Amino acid sequence: MEKSEKGLSLWIDAVRRLRRNHVAVVCFVVIVFYLGLAALCAAGLVFPDHAVTNKDAAYLPPSGDYWFGTDIFGRDVLARAAHGTITSLIVGFFGSALAVVIGTFLGAIAGYFGGLIDELIVWFYTTVDTIPFILLIVSFSFVMGAGLYTMCLALGLTSWVGHYRILRSEFMKHRERDYVQGATALGAGHPRRIFLHILPNTFHLVLINFSLGFVSAVKAEVILSYLGLGVEPGTPSWGMMISDAKLELARGIWWSGTAATLFMFFMVLAFTLFNDALRDALDPKLKSR
Amino acid sequence: MSDTLIQIRNLSVDFQTDDGTVNAVKRISFDIPRGKTVGLVGESGSGKSVTSLAIMRLIPNPPGKITSGEIILEGQNLLNLTEAQMRGVRGNKISMIFQEPMTSLNPVFTVGDQIAETLILHQKLSNQKALEKTLDLLTQVGIPNPQERIKSYPHELSGGQRQRVMIAMAIACEPDLLIADEPTTALDVTIQKQILDLLADLQKKYGMSILFITHDLGVIADIADDVVVMYRGDIVEQGTTQQLFKAPKHPYTKGLLACRPSLDKNPRRLPVVSDFMTTEGKERTDNVESLKQRKETRAVSDQQSVLLQIQNVKKHFPLKKGFFGGVKDWVKAVDDVTLTVRRGRTLGLVGESGCGKTTLGRTILRLIEPTEGKIMYGDTDITGLDREGMRAMRRKMQIIFQDPYASLNPRMTIGAALMEPMIIHNLGSGREERQEMAGELMKKVGLDRAMLNRYPHEFSGGQRQRICIARALAVKPEFIICDESVSALDVSIQAQILNLLLDLQEEMDLTYVFISHDLAVVKFISDEVAVMYNGKVVEMNDAIGIYENPQHDYTKKLLSAIPKGL
C-alpha cells in the first residue's frame with residue numbers, strides 16, 4: 001500500500017526502444033565484440049605474439065595458420081589488425097570525450113548566460129574554427145611529438161565546435177522553458193538550473209554527439225596515420241597498415257590492407273547504425289506526451 | 001436533392017501504439033445537413049479531431065486505420081475512393097481550417113500566392129484570373145487593404161487576419177463542407193467573435209455546411225444548429241442545439257454544461273463531471289450557497305491588510321537599437337501599473353494576448369527585472385533585494401504556469417521535483433522527512449503518494465497541474481501567481497483545479513494573483529478584478545461589480561464579445 005511504484009524514466013524507455021530495434025541490438029553486439037577483443041589483446045590473452053618478427057615468414061598469403069597472411073616482417077596480419085582495435089578505441093573514446101566535455105561546458109555557459117559571455121565564447125570558437133584542422137594537428141605533433149595521446153588531444157581540441165553550437169542553442173531554448181523559470185521562482189541558483197535541470201534534458205544530445213564524434217575520431221586516426229601524422233611507428237594501427245599497403249598493393253599483396261579496411265568498416269558501420277537507432281530512441285519529439 | 005450532405009455510418013478508427021490498440025473512434029454515426037452547422041463537442045482525447053481527419057481521409061497510416069464504416073458524400077462512399085479521386089474531393093468539396101493559423105500557412109510564400117495556388121490547382125484558373133479571385137476572396141473575408149495584403153507574408157499578419165486568410169483559402173473553391181477544427185481557440189475573445197460572425201456570413205452566402213469542432217460549449221451555442229457530443233470515442237448525445245442546451249439527457253453532457261464557469265450563473269463551487277456520472281445528475285446539496293454570498297462574506301475592504309503593493313511598475317523591452325547601441329524604440333509591455341493585493345484574497349488580472357498581464361506577473365516575482373517602479377511585499381521593496389535576499393523571498397512567493405506539460409522537468413521524478421524546493425530552502429531534516437512531506441503534499445492536491453517515483457510523462461494534464469500546485473506549496477508560500485493556470489485544461493478538469501485552488505486558499509490562507517484571458521473563470525475565482533489593456537490597468541473593481549457595471553469601454557467590449565451560450 002505505502003510501497004511506492006517504480007517510475008518509468010525516459011532513459012529506461014529509450015533502452016526499451018533500443019532493445020526492440022533488431023539492427024541496434026546486432027550493432028551493439030558488434031561493438032561489444034570489438035571492446036572485448038581490445039580488452040583481451042591488451043591483457044595479452046589473445047594474439048600475444050603480434051609484435052614477434054620472423055624474416056622467413058614475410059608476405060605469406062592467407063592460409064589456415066595465418067587467416068590474413070603475414071606482413072613484411074612476417075607478423076600475423078590478423079593479430080596486427082586485432083591489436084589495431086585498441087588504438088582505434090583509445091583515439092575514438094578520448095578524442096571524442098574531450099571534444100564533448102569542452103563543447104558541452106562552453107555551450108552550456110554560453111547558451112545559459114548569453115550576453116557578453118556568449119559573445120566572448122562565440123568569438124573564441126569562430127577563431128578556432130577558421131584554422132584548418134590538419135594544419136592544427138601538424139603543429140600539435142611538431143610541438144608535442146607525434147603519438148597516440150597527442151592525436152587524442154589534437155582531435156579533442158579541434159572537434160568540439162559543432163557540438164558546442166548544438167548545446168548552446170539547446171541551452172538558449174531550455175533557459176526560457178517554464179520548468180526552468182519555475183525552478184528560478186523556487187529560488188534555485190545558476191548551477192542547479194544548469195546542471196540539475198537543463199543538462200539532463202539535453203544529455204541525449206551529448207550522448208549522440210559523443211557517439212558521432214567517436215566514429216569521426218576513428219576515421220581521423222586512420223587518415224592521420226596514413227598521412228604519417230598519427231601514432232608512433234611500430235604501434236599497431238589500421239591507418240599504418242593501410243599506409244603500408246599502398247606500396248604493397250602494386251606487388252599483389254592485398255591482404256594487409258584488406259584486413260585493416262574490413263576491421264574499420266565493421267566498426268564504423270556498427271557505430272553509425274547504432275547512432276541512428278540511439279537518436280530515434282532518445283528523441284523526445286517521437287515520444288507522445 | 002436530399003437535405004443531407006454527408007452521412008457517417010458506423011465509423012471506427014483505431015491507432016496502434018506502444019501499449020496496444022486504441023479505439024479512438026468507436027462505430028459512430030451522424031449526419032451533416034446541407035447548409036447547416038453541426039457542432040462536434042468533446043474534451044481532449046474524445047476523438048473529435050480524429051473524426052474530422054477521417055472524413056478528409058487524412059488519418060496518418062500507420063499508426064492509424066479506419067477499420068469500419070461509411071462516409072457518404074452525395075451517394076458516394078469516400079472510403080472507397082482512390083487516393084487520386086480523394087485529392088479531387090479535398091479542397092474542392094470538403095475543405096478544412098485549423099486551430100493554429102500560423103503553422104497552417106507556409107511562412108516562405110505570400111498569402112496571395114498560397115490562396116492562388118489552391119485556385120490554380122483545383123479550378124485550373126490562369127494566373128491572372130487566380131489573382132483577381134484571390135483579391136475578391138480577401139475582400140470577402142474582411143482583410144483590410146487586400147491590394148497590399150496580398151503581398152504580405154504570414155508573419156506580417158495578426159492572428160485573426162491569418163485565420164481569415166485560412167478561411168479564404170478554404171472557401172476558394174466553394175466547398176460543400178467546411179471542417180473547422182477549433183478555429184478560434186488560439187484567438188482572443190473579441191477576435192473570436194469576428195471570426196464566428198464571418199463564418200456565419202459566408203455560410204449564408206455560399207450555402208455550405210460547416211462541421212465545427214470545439215471544446216467550448218459557449219461557442220457551439222452561438223454558431224451550431226445541431227450538436228454532437230463525443231466522449232472517449234463515442235457519441236453520447238446528439239440533437240438540435242436548443243434541445244441539448246435546454247434539456248441535456250446524458251449525464252456527461254449535463255456535467256459538461258454545469259462545470260463551465262459562466263457569467264450569469266453563480267455557483268459557490270463548480271460541479272464536476274464525475275458528480276453527474278455517479279449520481280445521475282442529481283444536484284449536489286452542498287452547493288446552495290451562491291457565489292455572491294461567498295463573495296459577500298469575503299468582501300474586500302480598505303481595512304484588510306495589504307500583502308503586495310505594486311507601485312508605478314514599468315517594464316519596457318528595447319525594440320530597435322541604434323548603430324552605436326543606443327535604444328531607439330521600446331515596447332511598453334507594462335506601463336505604469338499600480339495595484340494592491342490583499343492578504344487571503346484573489347486578484348484577477350484579465351486582458352487579451354499581448355496586454356502585458358504575463359509580463360506583469362513575472363515582474364512581480366522578478367523573473368523579469370522591472371524597468372521602473374516599486375514592488376512592496378509587506379514592508380520590503382523586493383526590487384531592491386540582492387540575490388540572497390531574493391532567494392529567501394522566493395519561499396513566500398510562488399508561481400503556477402499555464403502549460404503543465406512544459407512546467408515540469410521531464411527527467412525528474414515527481415518526488416524529486418517536490419523535494420527540490422525543500423532542499424533549496426532547507427526545509428525538513430533529511431531525505432526521510434522530506435519524502436514524508438512530499439507524500440503529504442500529494443495527498444493535499446488529491447493524488448496518491450505511491451506515485452512519487454513516477455515521471456511527469458506518466459500523468460495526465462490535470463494530474464500534472466496538481467503536481468505543479470503541490471510543488472508551489474512545497475515551500476509553504478503565502479502568495480501564489482497563477483499564470484493562465486487552467487487555460488490549457490479541459491473544462492471538466494478546469495473545474496476540479498479551480499475548486500482545489502479555492503479549497504487550498506481557505507485551508508492555508510493563501511493570496512492569489514490569478515492571470516487569465518477567460519473572464520468567466522476570473523469572475524468565479526477572484527475577489528477583485530483588474531482589466532489590462534496595452535500595458536495599463538484600465539479598470540479595477542470587485543469581481544461582481546466589474547461584470548454587472550463595467551465602466552471602461554474596453555471592459556464593455558470584452559464582456560460583449562463572450563459567447564453567451566443558451
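In this text the structure is predicted, and so the values were computed from the model without any measurement. Per chain, numbering begins at 1; letters A, B, ... match sequence-line order.
- Annotation: B/E369, atom CD; neighbour count of heavy atoms from other residues, nucleotides and ligands within 6.0 Å is above 12.
- In this structure, the separation between CG on B/L408 and CZ on A/R177 is 13.0 Å, given to the nearest 0.5 Å.
- Heavy atoms of B/M397 lying under 4.5 Å from chain A belong exclusively to its backbone.
- The candidate from A/G189, A/P200, A/G187 with the greatest count of non-hydrogen atom pairs under 4.5 Å with chain B is A/G187.
- Minimum interatomic distance between B/N409 and A/H197 (heavy atoms only, all atoms of both residues): ND2-ND1, 3.1 Å.
- Checked by atom type and distance alone, the side chain of B/R391 never pairs as donor or acceptor with a backbone atom of A/A188 at under 3.5 Å.
- Of the inter-residue distances, the one linking B/R411 atom CZ with A/L199 atom CG reads 10.5 Å to the nearest 0.5 angstrom.
- Only the side chain of B/R387 has a heavy atom closer than 4.5 Å to any heavy atom of chain A.
- Here the CZ-CG distance, from B/R395 to A/L186, works out to 12.0 Å after rounding to the nearest 0.5 Å.
- The greatest number of non-hydrogen atom pairs below 4.5 Å with chain A, out of B/P421, B/A472, B/P410, is found for B/P410.
- By the 6.0 Å contact criterion, CZ on A/R20 is enclosed, its count of non-hydrogen atoms from other residues, nucleotides or ligands being greater than 12.
- Across every non-hydrogen atom of A/A185 and B/L367, the tightest pair is N-CD2, 3.9 Å.
- For chain A, the nearby part of B/I423 is the side chain; its heavy atoms alone come within less than 4.5 Å.
- Heavy-atom contacts from other residues, nucleotides or ligands closer than 6.0 Å to CZ of A/R175 number more than 12.
- Ionic pairing of A/D178 and B/R362 is present here: one or more N-O contacts between side-chain nitrogen and carboxylate oxygen are shorter than 4.0 angstrom.
- Shortest non-hydrogen contact noted between B/M412 and A/L196 is CE-O, 4.3 Å.
- Environment of CZ in A/F105: sparse, with no more than 12 heavy atoms of neighbouring residues, nucleotides or ligands closer than 6.0 Å.
- Shown here is A/F93, whose CZ atom has no more than 12 heavy atoms of other residues, nucleotides or ligands within 6.0 Å.
- The number of heavy atoms from other shown groups lying within 6.0 Å of CZ (A/F28) does not exceed 12.
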